[in-house]
Amino acid sequence: MFFRWRSFRRDVVTCACSPEWPGLRASLDGHELAGVPSPGGSSPLVLVLGLEASCTGCGAAYPHGWATVGRG
């Protein structure tokens, strides 16, 4: 099994969009996943898979906790 270790300390990131962070997205096996900010920290799925979200507008890396959006 392959684990990708990453630092939990990230550089400060600024979104260039107005308003900031219009949407979040991540990629998993070539599929795009929609995301939403999560004030309580990243969801277990995000943490276990090591997913990293980016802005749907400018592509900046999202520096806070987030979760994937459930499919309707």
Side-chain angles (χ1 to χ4, degrees):
M1 184 177 257
F2 174 77
F3 291 98
R4 189 177 96 207
W5 296 99
R6 65 184 173 118
S7 170
F8 287 96
R9 181 178 177 184
R10 296 183 181 180
D11 295 329
V12 175
V13 178
T14 303
C15 176
C17 299
S18 180
E20 284 189 323
W21 308 109
L24 299 176
R25 67 173 166 227
S27 180
L28 176 65
D29 294 331
H31 299 279
E32 189 171 294
L33 300 171
V36 293
S38 177
S42 291
S43 71
L45 176 67
V46 167
L47 294 172
V48 168
L49 295 177
L51 298 174
E52 295 183 10
S54 61
C55 176
T56 56
C58 67
Y62 189 66
H64 307 291
W66 68 284
T68 58
V69 175
R71 295 184 185 217

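These figures come from a predicted structure and were not determined experimentally.
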Rounded distance (nearest 0.5 Å) linking atom [atom1] of [X] with atom [atom2] of [Y]:
X: L49; Y: D29; atom1: CG; atom2: CG; result: 9.0 Å
X: T68; Y: L45; atom1: OG1; atom2: CG; result: 5.0 Å
X: S54; Y: E32; atom1: OG; atom2: CD; result: 7.5 Å

Would you name the heavy atoms of [X] and [Y] that are closest together and state the gap between them?
X: E20; Y: T14; answer: OE2-CG2, 4.1 Å
X: C15; Y: P22; answer: SG-CD, 4.3 Å
X: P63; Y: W21; answer: CD-CZ2, 3.7 Å
X: A26; Y: A53; answer: CB-CA, 4.5 Å

Quick one: does S42's side chain have a donor or acceptor within less than 3.5 Å of a partner on W66's backbone? yes
